[in-house]
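Input: a single structure, listed below in structure tokens.
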Amino acid sequence: MKKIVVLLFLLVISHSNFAQQHNVIFVIADDIGADYCGFYSNYTQYSPILDTIAMPNVRRLLSRGVRFKNAWSNPVCSPTRAGMMTGRYSFRTGVGNAIGGGTTSVLNTNEISIPQLLNVYSPNGISKALIGKWHLQLPSVANYSNPNIMGFNHYEGSLSGGINDYFDWQKITNGVASTNTNYATTEVVNNSISWISAQPTTKPFFLWMAFNAPHSPFHLPPAGMYSDTTLSGTAADISANPKKYYKAMVQAMDRELGRLFDYLQSSGKWANTDIVFIGDNGDDPAINQGSGSAKGSVYQKGVSVPFIISGPTVVNPNRSSDALVNTVDLFATALELFGYSNWQSQIPSNRPVDSKSLMPILLNTATAVRPWAFTEVFKDTPTSGDGKAMRNTGYKLIKFDDGTEKFFNLTTNPTETINQNLLLGTLTTTQISNYNYLCTEMTNLVGGTSFCNALGVNDVGRQINVSPNPFHNFISIKSGSGNENYKLYSNLGQLIFEGKDIENQDFSSLANGIYFLKIMDKSTSTIKLIKE
């Protein structure tokens, strides 16, 4: 009996030590979309077939992890990082664009962050560091201590969005500035290894490790870190061949990441550490490949990023997941990886969190955690690219802030070929149902009534005859009750006419194109019209 008691005691102690030593590392690559990652498949859908970059160390994560095939970020870095840090979408935090310049909206330091909640969960029980790129406020002297203010015990890196020179840059260490001439990618890993090695062996740690690479300026990394021996590193060669240098920078990042992984293994921490690898947005437009927009846009290649979670928490590893996930989901996931399951109790009702924990997928108890994914971009001075997007498993709706709407079937048109915008053709009942679902969900999420202008079909079976179609000057309507109210919209969602007396309106001055007539009585129907 005594032997059994001792054995049980040792098992409890062993389990307790494992729990105490469980660690989490976020690895964030800057400006790398899923398309350059060879472990993401189906590149034959592009013409020409996309190029990829050798990343053997990132691939080391796959065998003990989950690869998320449908992961979205924000289109630019600051909003993605703000969403990860707070679990809240950009329209809630106000960070809708890359931070920089005197008028850019920044993240309020009063937002509730991952490290702050970890300290509530286990006061001074979890070591917390952010090493590398911050980019959540302006890099002014007054903001040097902001990472510490927001809950990190240790901060070491660059506060700005980009560094002008990877070999000569300003480094902030816990509020103190210095000039660093070590290669920035190497310095991030050096600092990470130094910090981890200084932590007590029984104290778990959370490390947010954010590379500047492969964000511009494109350059030639130190010798031995890349495979292309033809690179000269001259300004002219970099300008003429930006993609070659981008690939070299990614290879250098992967090599240094491997050095971190080797350290974790040699120090006995690999087996107890969950590692997340993501990109913060799509590729830089200078090295964009294939069709479609890149970084900065809500199209697929602006927001589709590599996303892997790997480590001891993953049940039945070496899996891929079709689940719709967003980088904002890492907020809840990080907390629950440390066992903090009731973190919602610390969230005020006036500060809603949008993050969904990915733990059910990691534990292999569920295949999805959300029915749709959402992303957005907006600037203090609005531009034509500002807008919001939402997708479900098959369809995607884009609503630009200027009123333009686009609707794609991602199953048959994963590259969002513009001339396959479904709103330019006749929608099937299935397409109408998906459109209405997405625009309703987006409206419920963001608020207001600005969505669903292009198509608001609630009663698709209603028998109303609108003629002629195509029309030239006047519109005739038959089979109506006489009590209908009408709204005529352009394909951009702009209201052209509202009222009951639409049949007496002369539309001869309207530009040729596609229009949508919304007919409202006891129910609502929408009919697509063509003006010739």
Side-chain angles (χ1 to χ4, degrees), residues 371-372 387-392 394-409 413 418-532:
W372 45 256
K388 298 169 175 57
M390 182 177 281
R391 67 161 296 182
N392 57 17
Y395 291 86
K396 177 178 177 181
L397 175 63
I398 300 176
K399 175 77 176 193
F400 291 102
D401 291 352
D402 66 4
T404 305
E405 291 187 18
K406 295 183 179 181
F407 183 50
F408 297 104
N409 183 333
N413 181 25
I418 300 303
N419 61 11
Q420 293 185 33
N421 175 9
L422 297 176
L423 295 178
L424 299 178
T426 301
L427 298 184
T428 66
T429 301
T430 298
Q431 291 167 348
I432 290 171
S433 175
N434 280 276
Y435 173 91
N436 278 323
Y437 171 77
L438 290 172
C439 69
T440 300
E441 290 295 312
M442 197 184 299
T443 300
N444 291 339
L445 173 67
V446 180
T449 58
S450 60
F451 304 104
C452 313
N453 282 345
L455 191 65
V457 182
N458 297 324
D459 180 9
V460 297
R462 194 177 185 191
Q463 298 300 312
I464 296 179
N465 188 314
V466 179
S467 63
N469 191 13
F471 71 98
H472 300 287
N473 301 331
F474 295 92
I475 297 173
S476 176
I477 300 177
K478 298 179 180 179
S479 301
S481 66
N483 296 319
E484 294 87 355
N485 193 53
Y486 302 96
K487 291 184 178 181
L488 184 67
Y489 293 95
S490 74
N491 190 46
L492 299 180
Q494 299 165 326
L495 182 63
I496 305 298
F497 170 82
E498 178 178 8
K500 295 182 176 295
D501 190 25
I502 194 169
E503 291 186 282
N504 291 322
Q505 303 301 312
D506 185 352
F507 295 113
S508 58
S509 61
L510 282 184
N512 293 342
I514 295 174
Y515 294 83
F516 295 92
L517 179 63
K518 183 176 289 187
I519 304 169
M520 297 163 290
D521 190 359
K522 294 180 180 180
S523 60
T524 299
S525 298
T526 299
I527 297 174
K528 187 178 76 172
L529 301 174
I530 299 175
K531 169 71 166 57
E532 291 184 347

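Keep in mind that the numbers below use all heavy atoms, side chains included, and drop hydrogens, waters and symmetry copies.
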What is the minimum heavy-atom distance between [X] and [Y], and which atoms define it?
X: I477; Y: E503; result: N-OE2, 2.9 Å
X: L495; Y: K487; result: CD1-CB, 3.9 Å
X: M442; Y: A389; result: CE-C, 4.0 Å
X: N436; Y: T440; result: O-OG1, 2.7 Å
X: K388; Y: D401; result: NZ-OD1, 3.9 Å
X: F474; Y: Q505; result: CD2-O, 3.1 Å

Atom [atom1] of [X] and atom [atom2] of [Y]: how far apart are they, to the nearest 0.5 Å?
X: L427; Y: I432; atom1: CG; atom2: CD1; answer: 5.5 Å
X: E484; Y: K518; atom1: CD; atom2: NZ; answer: 15.0 Å
X: L438; Y: I398; atom1: CG; atom2: CD1; answer: 11.5 Å
X: K406; Y: K399; atom1: NZ; atom2: NZ; answer: 13.0 Å
X: L397; Y: E441; atom1: CG; atom2: CD; answer: 11.5 Å

Using a 4.5 Å cut-off on heavy atoms from C-beta on, say whether the side chain of [Y] contacts that of [X].
X: I519; Y: N485; answer: no
X: Y486; Y: D501; answer: no
X: F407; Y: N421; answer: yes

Item to check | Residues forming a ring-ring contact (aromatic ring centres under 6.0 Å, His included) with F471, sequence neighbours excluded | outcome: none
Checklist entry - Hey, mind stepping through F516 and L488 against side chain to side chain contact (heavy atoms under 4.5 Å, CB included) and telling me if it holds? => result CA-CA 6 Å; F516 295 92; L488 184 67; over 6 Å; no
Checklist entry - Mind checking what makes salt bridge (Lys or Arg N to Asp or Glu O under 4.0 Å) contact with K531, not counting sequence neighbours? => result none
Next on the checklist: Could you walk me through whether H472 and S508 satisfy the side chain to side chain contact (heavy atoms under 4.5 Å, CB included) test, starting with their C-alpha distance in whole Å, then the side-chain angles of each, then the deciding distance to 0.1 Å, before giving a yes or no?
Outcome noted: CA-CA 6 Å; H472 300 287; S508 58; over 6 Å; no
Next on the checklist: If you apply the rule side chain to side chain contact (heavy atoms under 4.5 Å, CB included), what do you find for L517 with F497, and how did you get there?
Outcome noted: CA-CA 9 Å; L517 179 63; F497 170 82; over 6 Å; no
Next on the checklist: Whether the Y435 and E405 side chains hold a donor-acceptor pair (N or O, under 3.5 Å, no angle test) is what I'd like checked.
Outcome noted: yes
Next on the checklist: Run Y437 and Y395 through side chain to side chain contact (heavy atoms under 4.5 Å, CB included) and show every step you take.
Outcome noted: CA-CA 10 Å; Y437 171 77; Y395 291 86; over 6 Å; no
Checklist entry - So, the side chain of T443 versus the backbone of C439: is there a donor-acceptor pair under 3.5 Å, distance only? => result yes
Item to check | Main-chain N/O of F408 paired to N413 side chain as donor or acceptor, under 3.5 Å | outcome: no
